[in-house]
Amino acid sequence: MQTQVLIAGAGPTGLTLALELARRNITVRIVEQTSEFFAGSRGDGIQPRTLEVFDDLGVLDAVLAAGTPTPVMRAYFGGEFVGERRMSEPTEPTPSIPYPNLWVLGQSRTEGILRDRLAEFGVHVELSTTLVSFDQDDAGVTVTLAHDGAHETVRAGYLVGADGGRSTVRKTLDIPFAGTTDDSIRMLLGDVRADVLDHEYGYWFADAERPMEGIAMSPLPGGRHFQCATPLGVDVEPTLAVLQGFVDRYSGRTDIVLSDLTWATVWRPNIRLAQRFREGRVFVAGDAAHVHPPTGGQGLNTGIQDAYNLGWKLAAAVNGDQSLLDSYESERRTVAARVLGISSELLDKLVDGDEDAMHRGEETRQLDISYRDPADHGPLVAGDRAPDAPLKDANGLPIRLFDLFRGPHSTLLCFGKAAAHSNEPGVHTYTVVRPEDGVPAGAAPEADYAAGETPPRYVVDVEGHAFAAYRAGEGTTVLVRPDGYLGRRS
Ligand SMILES: Cc1cc2nc3c(=O)[nH]c(=O)nc-3n(C[C@H](O)[C@H](O)[C@H](O)COP(=O)(O)OP(=O)(O)OC[C@H]3O[C@@H](n4cnc5c(N)ncnc54)[C@H](O)[C@@H]3O)c2cc1C
């Protein structure tokens with residue numbers, strides 16, 4: 001069968017997109033130039049909005065089981081313990097925000113979980129396979145891949161470059177990648193063991209006079225490794241000995257012996273945004289479209305959400321409806337520009353020695369991302385994130401709005417007993433009733449929502465959270481897009 005979508009790059013962006021397409025029965029190939037899967041911790045902070053995406057993709061349980069909440073950091077200045085800090089104070093879940101806190105998991109492990117889920121749909125990453133070039137016409141894209149010392153020509157309906165900051169796809173399209181590369185700032189990062197340290201905690205070993213000058217060691221879940229990060233004045237080789245030197249110098253101790261360096265790099269600030277995210281049948285997503293400083297932990301999360309925004313639109317296009325494709329760039333480029341602003345501001349603070357750079361504020365959780373028209377100032381309108389709420393199903397069993405949203409469909413919520421029903425294809429329709437109005441006898445339990453069947457489904461807003469969160473009255477209808485944003489409201 002012809003490849004309907006070819007994805008270049010199997011980082012978090014490419015994997016999420018492949019999953020979004022595969023679960024919609026789109027024929028997808030995902031190629032990766034490296035011969036082995038990436039093994040480093042890199043983007044190790046999963047933001048609350050990404051956890052919601054993972055819930056929909058069916059990987060949340062695995063991500064929660066593998067990861068940890070953000071650790072308490074023990075700060076030492078000049079070798080003296082000065083106190084404990086957190087990047088952000090944990091907050092309690094609310095009815096509309098079930099996963100309010102940052103979750104820690106090394107990037108390579110998140111990628112492994114996404115790959116395992118993708119394999120459930122029969123799709124496997126093709127390693128040692130490099131996208132070399134491509135040409136597009138009105139009907140598709142002809143791509144040249146290199147593997148096993150030979151070239152393969154593939155004809156695909158669409159091509160997505162999820163091929164990272166140096167994206168061949170973006171360069172081939174000649175899309176300007178405006179921004180800055182600041183050679184005066186560098187950061188050494190590495191995953192390493194330090195068995196004398198309690199792995200339940202993170203550490204900040206710093207200079208007594210300049211407490212923002214030091215080395216951070218954050219415990220990585222699932223083993224004994226820490227992700228180390230230290231700003232650099234001059235270029236260094238990312239080796240175990242160099243990291244050991246920084247730990248010795250900033251901790252003032254000799255007993256912290258590092259071992260088993262599994263990944264290390266010197267990061268240079270490269271802050272750029274592609275001028276376009278689409279050219280005909282070819283798209284760029286993730287780092288191929290925007291590169292961030294690691295401050296604020298936004299890069300991986302923004303890439304995953306690019307993929308989540310693009311996946312259902314691309315699936316619709318493959319099935320004949322191309323009307324949604326343009327909205328990918330308009331929605332996601334605006335978000336990427338804003339996110340770049342947040343992470344750059346935090347980087348500036350870090351360079352200025354401002355401790356605020358280490359804190360994660362509300363804006364980094366990505367829950368307030370909205371695709372609404374900026375001129376629209378309504379309380380909850382098309383383009384806003386669709387909130388969660390606890391409900392009961394027609395059998396009286398607890399269920400949540402997010403349970404109704406989970407899957408590749410859109411969801412039409414009709415509030416109030418007189419609400420209308422819809423039989424639109426690809427849309428699951430529910431009437432949300434107040435407890436006093438009750439569910440009509442014989443109503444189908446929503447768990448039985450079978451393909452092709454659209455009898456009325458009822459859910460009960462037992463505590464009133466759904467009506468409140470959606471500012472709904474009798475007869476309000478809200479269409480929730482497959483990616484969990486409000487599509488239309490009446
Ligand atoms: C030091 C560091 C720390 C970071 N910390 C955080 C953090 O805390 N939180 C966060 O959210 N983000 C963080 N990030 C950013 C995050 O790692 C990236 O944003 C994320 O990896 C982007 O995912 P991606 O899939 O778009 O691209 P990548 O992960 O770069 O994946 C692109 C893939 O494409 C492959 N590829 C490239 N060219 C080709 C080709 N021609 N053919 C086939 N395959 C190709 C590459 O080998 C690669 O595997 C950090 C980044 C760095 C460098």
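In listed order, ligands and their atoms are each counted from 1. What you see is a predicted model; the values in this text were computed from it and never measured. Quick note: numbers below take in every heavy atom, side chains included, and nothing from hydrogens, waters or symmetry partners.
Comparing Gly40, Gly43, Gly303 against atom 14 (N) of ligand 1, the shortest heavy-atom distance belongs to Gly43. For atom 12 (N) of ligand 1, the candidate residues are Leu188, Leu300, Leu145; the nearest heavy-atom contact is made by Leu300. Nearest-residue assignment for atom 23 (O) of ligand 1 (options Pro12, Ser133, Gly9, Gly11; heavy-atom criterion): Pro12. Of the candidates Gln107, His290, Glu32, it is Gln107 that places a heavy atom closest to atom 17 (O) of ligand 1.
Salt-bridge check for Arg276 with Glu279: passed, with a basic side-chain N closer than 4.0 Å to an acidic carboxylate O.
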Show which side-chain atoms of residues 210-217 pair as donor or acceptor with protein atoms under 3.5 Å away, not counting sequence neighbours.
from	atom 1	to	atom 2	distance (Å)
Arg210	NE	Glu213	OE1	2.9

Please list, one pair per line, the donor and acceptor atoms closer than 3.5 Å that link side chains of residues 68-76 to other protein atoms, with sequence neighbours excluded.
from	atom 1	to	atom 2	distance (Å)
Arg74	NE	Glu84	OE2	3.4
Arg74	NH2	Tyr201	OH	3.4

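Of the listed residues (Asn101, Val53, Ile304, Leu102), just one forms a side chain to side chain contact (heavy atoms under 4.5 Å, CB included) with Gln47, and that residue is Leu102.
Ligand 1 places these atoms under 4.0 Å from at least one heavy atom of Gly164: 27 (O), 30 (O), 32 (C). The contact set between ligand 1 and Thr129, taken as ligand atoms under 4.0 Å from a residue heavy atom, comprises 43 (C). Short contacts between ligand 1 and Trp267, defined as distances under 4.0 Å to a heavy atom of the residue, involve ligand atoms 53 (C). Close contacts between ligand 1 and Gly286 involve ligand atoms 26 (O) [criterion: under 4.0 Å to a heavy atom]. Set against the non-hydrogen atoms of Thr34, the atoms of ligand 1 under 4.0 Å away are 47 (O). In the vicinity of Leu189, heavy-atom distances shorter than 4.0 Å reach the ligand 1 atoms 1 (C). Short contacts between ligand 1 and Asp44, defined as distances under 4.0 Å to a heavy atom of the residue, involve ligand atoms 7 (C), 8 (O). Which parts of ligand 1 touch Thr13 is read off a 4.0 Å heavy-atom cut-off, strictly below it: atoms 23 (O), 24 (P), 25 (O), 26 (O).
No donor-acceptor contact under 3.5 angstrom links the side chains of His147 and Glu126, judged on distance only. There is a side-chain donor-acceptor pair under 3.5 Å between Asp55 and Tyr99. Under the 3.5 Å distance criterion, with hydrogens and angles disregarded, no donor-acceptor pair is assigned to the side chains of Thr34 and Glu36. Checked by atom type, the side-chain pair Arg272/Asn270 shows a donor-acceptor distance below 3.5 Å. Between the side chains of Asp384 and Tyr371, no donor-acceptor pair is found at a separation under 3.5 Å.
Taking the six-membered ring for Trp and the full ring otherwise, His290 and Phe177 have centroids separated by 6.0 Å or more.
Inclusion of Gly14 in the set of residues having an N or O under 3.5 Å from an N or O of ligand 1 is not warranted. Taking distance alone, with nitrogen or oxygen atoms compared against 3.5 Å, Glu111 stays at or beyond that limit from ligand 1. Distances between N or O atoms of Arg42 and those of ligand 1 include at least one value under 3.5 Å.
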*Apply the test side-chain contact (heavy atoms from CB on, under 4.5 Å) to residues Arg29 and Leu145: give CA-CA distance (whole Å), side-chain angles for both, the deciding distance (0.1 Å), then the verdict.*
CA-CA 12 Å; Arg29 276 181 75 178; Leu145 300 176; 3.8 Å; yes
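The proximity of Thr130 to ligand 1, defined as any non-hydrogen pair under 4.0 Å, involves the side chain as well as the backbone. When non-hydrogen atoms are compared, ligand 1 lies under 4.0 Å from neither the backbone nor the side chain of Ala288.
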